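Before any comments, here is the structure.
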Amino acid sequence: MPSPVLKALSSRVPLARALSSRALSSRAGRRTVILAAAVLTAALLAVALVATFAGGGSSGVTYLDRNDTAVLYASGHRPLAPEFSSTTLAGAPMRLSSYRGKVVVLNFWGSWCDPCRAEAPALAAVARHYQSAGVSFLGVDERDSQASAEAFIRNFGVTYPSVSDPSQVIALDFSAVVPLAGTPTTLVIDPSGRIAGAVFQSATYSELTAILTKVTGKGG
Amino acid sequence: MTDVRAPETDPFDPAAEPDAPPRPGAASPAGGGFGLADWLKWAWRQLTSMRIALVLLFLLALGSVPGSMLPQANNPSAVQQYFASHPALAPWLNHLGLFNVFAAPWFAAIYLLLFASLVGCVVPRTFRLAGSARTLPPRAPRHLARLPRSAEYATPLPPAEAVEVAAGVLAGHGFRLRRADSASPEPADAGTWVSAEKGYLREAGNLLFHLALLGVLVSVALGGLFGYKADRLLVQGTTFADTASALDEFHPGRLVTAADLGPFTITLNRFDASYIASGPQRGQPSAFDAQVSYTEQPGGPARTGHLAVNRPLSIDGAKVYLIGHGYAPQFTVTDARGQVVYNAPTPFIAGPSGNLLSEGVVKVPDAQPEQLGFTGVFVPTAVDIGGTLESVFPAADNPVVSLIAYAGNLGMDNGVPQSVYQLDTGGMRRLTATPQILQPGQSLKLPGGRGTITFTGYVPWVSLAITHDPGQLPALICGIAALGGLLLSFMIRRRRVFVRARADEGGTTVQVGGLARTDASGGFEAEFASLAAELRTACQQGRHPQPEGE
C-alpha cells in the first residue's frame, strides 16, 4: 500500500497537505512522519560522515615518512612556487625567479624557532654536499629581527643567503599552494620553478637527501 | 461525540503521543514475533527520546574532559613532550584518540548521535504541531454545564437563529468556528450548536520555536564545520599575515584547513590606552584604540581602521577582535665578542598583581661564547614600596625593568619547541645575585665580560582574536525566533467556547460552556463572563451584533 507521502507526490498534492491533520490523525500518517524524520536524519548523518572522512587520497603525492611530513610531488602534480622579490639579510635585492633553471631548496626559518635550530646543522651539511650538483639554497627568515637572524647565521655557519620576511607575507603566498603549517618548512623547487618536494617540519639529513636524489637524479 | 471532560489524551497537546511506544519482548499487534522493522523502530524511538538525548549530552561533556586535560594535536609540541614523559601510557592514549579528542571517531559518534536524537525528536513534533494548527475545534459536548465555565440564558429566538447569532458574536471575536452540519453523524443536531476555538497562534509560536531550534542546531554545525578561531600577538609597528605559520594559536573547524584563511595582512600602526587617573576607579581603563592598516590580499590596496574592545574589524569574512594588550620592552644585547646578538621589542605579559606589572623573558640563543637568558619584570609606573618595586598605575609614567641574567644552555637547540614566555633555567647559572633595575637607556654589564644588555625603550602590543563563524548570524536569528515562539506559546492561551440551543416551552434555552488550557494568569474567567453576557445581549436584541474588535 503506498504511503500518504507517495500518494501525495503522485497526485501533485502539496506534501504539507498530505502531512496535515488528517494524515497525522492516522497511524499510517504518523509512521510517514517518523519515516521522513529518519530519512532526513540519515541523510544528515551521511553528509556529516562524508564531510568528515573525505579529503584523503590526493594523487601525485608520495609520503617519505610515517608522519606524512616529508612529501614528493610527481611531475605533473607539482604546484608552481609563487614569485617573490625581497631583500636579503645582507641588504641585496633577491627574486625567486632568479633561480629559474636550477634546483633550489627554500627553507623557512627563524632564530627563535627551536626546531629550526635543531635542523640547521643538517641543512648546512646538505647545502655543502649538493653545492657541486648545482643545488642552491635560500632561506626565508620568518618573524625575526635583523640582529638575531645575523647571530644565528654566524653561529651555525650558514653560507647561503636568506631573505627577510618579518610579516610572513612570503609564507602567506606559499600557503596558498602547499599546506605550510608553521616554521620550519623546507621546499625543494625544480628548475621549472615548481615545488617538487617538501618537509613540513624540522628536516633531517636523510629526508632532504631522499628528496634531492629524486629531483636532481644524483645520489646523496 | 467527544466528551471533553474525559479525553483519552490531552485534547490541547498536539505533540502528545496517544499510543505507547512498542517494546521489544512484548507481543506485537500483528501477533507475530518482534521483527527487524520493529527493532529498528524501537531503536529509533529510543534514540529520539528525551532520556537518551540527555545521556548523549552528558557523554559529550564527559568526552570533552580528556580534550581539556591532555595535550591536543593542535599543540604538537605539548603532545611530543607528553610522549617523552609518559613513554608507556602515551601510545595507548594515542590509540584511543585522546590526543585529538575532537576529531576522534568516538567523539564524532557521540555528537552525530546527539544531533540525530535532537533532529529525530524535533522534526516529527514540528509536523504534529503543523497539523494541530490546522484542526477545527471539536464538536460541542452534550452537557455544557459540566465544563469549567458555563452559563445559560433564555431567548425568544428559535434555536437555529440563536446559534447563528452566537456564532456571529464569536466570529467577531476572532474564534475559529465549527457548526453542526448535515455531514454530522447526528443530522438531528443540525443548527443546534456551534464550537469555537481561539489561540491557534499558540501552536504557531510552538511551531516557530521548534523550527528555530532546528535552525540553531544547523547554525552551530555550520560554525563547527566551516568556522575557525585564531590568536595573534602583534607589537606596535609590525605586520602579520593571516597564515597558519604566523598565528600563535589556530583552531580550525572540521572542514577548514590553513588554506581557507583569508589572505589578509594587518599592521598595528599605533595603540593608545587611556586610564582613569583619579577617584576610586583609578587605574581602570577608560578607552582603547588600535590604529591598524590592512590589506585584503597580499599587495592589495592598504586600508586603515580602528579596533577597540567589542568593536571588531571585519576583513574578508573574518572578524578581528582586540582582546588584550601589554608592553613590549626593547632590549639590545651585545655578547662577549662585542657583536649585537639581540635587538628587538619583547612582549611581556601582565601578571596577576595589576597595573600592568608584566613578566617576560629574553632568550639570546646565539650569544657567544655561551647562550644568555634573562627573566624580567616591566613596571609601567614604578614606586619603591618598602624595598620592592610596585606598579601604581597602568600607563607607562615611570617605566623600569628589573632583570635577572643567566648564562648556559637555553635548551632550544634540541628541537623541542618551548614557550617564548618561559626560561628553562635547568641548564643555566645565574649571573646576577639580585634583580637589576634599569630605566630606559640604561645598560647592565654582565659579569665576566659576557657583554651588556640595554633597555632601550618600550612599545605596546595588542592581542588579536581572528574568528570566522558562518553560523553566528543564523544562530542569532534562530535564537531570537525561538525566544519569540516561546513567548507566543506562553502568552497565548488556547480556549474553547461551545454554544448549544434547544427549544423549550415558550422559547429557547441557550447553554454556553468554555474551557481554557494553561489559564495560569486567570484571565479566562473574566473573558468568558463578558463573552457570555455579550451573547445574552445579542440574543435578546435578536439581531446579529456589530463585531467588536478585540
Side-chain angles (χ1 to χ4, degrees), chain A residues 16 19-25 27 29-31 33-34 36-38 40-42 44-45 48-49 51-52 55 108 111-120 142-148 150-152 154-156 166-176 179-183 185 201-202, chain B residues 17 19 41 44-45 48 77 103 108 112 115-116 119-120 123-124 127-128 130-132 134-136 221 225 238-246 254-255 257-259 261 263 265 267 298-299 332-333 335 339-344 363-368 411-418 420:
Chain A
L19 297 170
S20 74
S21 54
R22 220 142 27 92
L24 281 166
S25 61
R27 274 191 70 88
R30 213 161 30 241
R31 265 206 299 278
V33 169
I34 291 173
L40 182 69
T41 313
L44 279 169
L45 270 172
L49 281 173
T52 308
F108 292 84
S111 66
W112 47 270
C113 146
D114 313 281
C116 302
R117 306 183 67 81
E119 72 173 0
E142 301 278 287
R143 202 178 174 176
D144 216 344
S145 70
Q146 177 87 15
S148 300
E150 284 174 350
F152 178 98
R154 278 196 304 272
N155 197 12
F156 287 98
S167 55
Q168 296 184 265
V169 287
I170 297 175
L172 174 67
D173 283 342
F174 274 83
S175 69
L180 201 80
T183 315
T185 296
Q201 61 165 14
S202 191
Chain B
E17 291 241 24
D19 52 345
K41 209 152 70 182
W44 176 250
R45 277 183 189 275
T48 56
S77 61
L112 289 176
F115 192 70
V119 169
V123 166
F127 281 122
R128 278 199 291 275
S132 121
R134 306 162 61 99
T135 50
L136 283 176
L225 290 174
T238 62
T239 304
F240 88 98
D242 186 39
T243 179
S245 62
R254 303 277 304 157
L255 299 183
T257 63
L261 287 166
T265 65
T267 307
T332 303
V333 179
D335 68 3
Q339 278 179 312
V340 177
V341 284
Y342 191 95
N343 180 20
K363 298 182 191 182
V364 194
D366 294 303
Q368 295 293 344
M412 287 173 73
D413 295 356
N414 60 12
V416 179
Q418 44 173 263
V420 295

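Just so we're on the same page: letters track the sequence lines, and every chain starts at 1. Computed from a predicted model, the values in this text were never measured in an experiment.
- Within the 4.5 angstrom heavy-atom criterion, no atom of Phe108(A) approaches chain B.
- Residue Asn343(B) holds its CG atom at 10.0 Å from CD of Gln146(A), rounded to the nearest 0.5 Å.
- Pro166(A) touches chain B through its backbone: at least one of N, CA, C or O sits under 4.5 Å from a heavy atom, while the side chain does not.
- Neither the backbone nor the side chain of Thr238(B) has a heavy atom closer than 4.5 Å to any heavy atom of chain A.
- Residue Arg143(A) comes nearest to Ala246(B) through the heavy atom pair NH1-O, 3.7 Å, listed as atom of the first residue, atom of the second, then distance.
- Interface remark: Ala176(A) contributes no atoms to any contact with chain B (heavy atom separation under 4.5 Å).
- When heavy atoms are compared at a cutoff of 4.5 Å, Asp144(A) does not approach chain B at all.
- Across every non-hydrogen atom of Ala151(A) and Val341(B), the tightest pair is CB-CG1, 3.8 Å.
- When each of Ala221(B), Pro263(B), Ala258(B) is scored by its heavy-atom pairs under 4.5 Å with chain A, the top score falls to Pro263(B).
- Distance check: Ser245(B) OG to Glu142(A) CD gives 5.5 Å after rounding to the nearest 0.5 Å.
- Atoms CD and CD, on Glu150(A) and Gln339(B) in that order, are 9.0 Å from each other to the nearest 0.5 Å.
- Separation of atoms OG (Ser167(A)) and CZ (Phe240(B)) is listed at 10.5 Å; rounding is to 0.5 Å.
- Note: Asn155(A) CG to Asp413(B) CG = 7.5 Å, rounded to the nearest 0.5 Å.
- For the atom pair CE (Met412(B)) and CH2 (Trp112(A)), the distance works out to 9.5 Å, reported to the nearest 0.5 Å.
- Counting heavy-atom pairs under 4.5 Å between each of Thr243(B), Thr48(B), Val364(B) and chain A puts Thr243(B) at the top.
- When heavy atoms are compared at a cutoff of 4.5 Å, Ser202(A) does not approach chain B at all.
- Taking all atoms of both residues into account, the shortest heavy-atom contact from Ser111(A) to Asp366(B) is CB-OD2, 4.2 Å.
- With a 4.5 Å cut-off on non-hydrogen atoms, Asp242(B) touches chain A through its backbone but not through its side chain.
- Taking 4.5 Å as the limit, every side-chain heavy atom of Asn414(B) sits out of range of all side-chain heavy atoms of Asp114(A).
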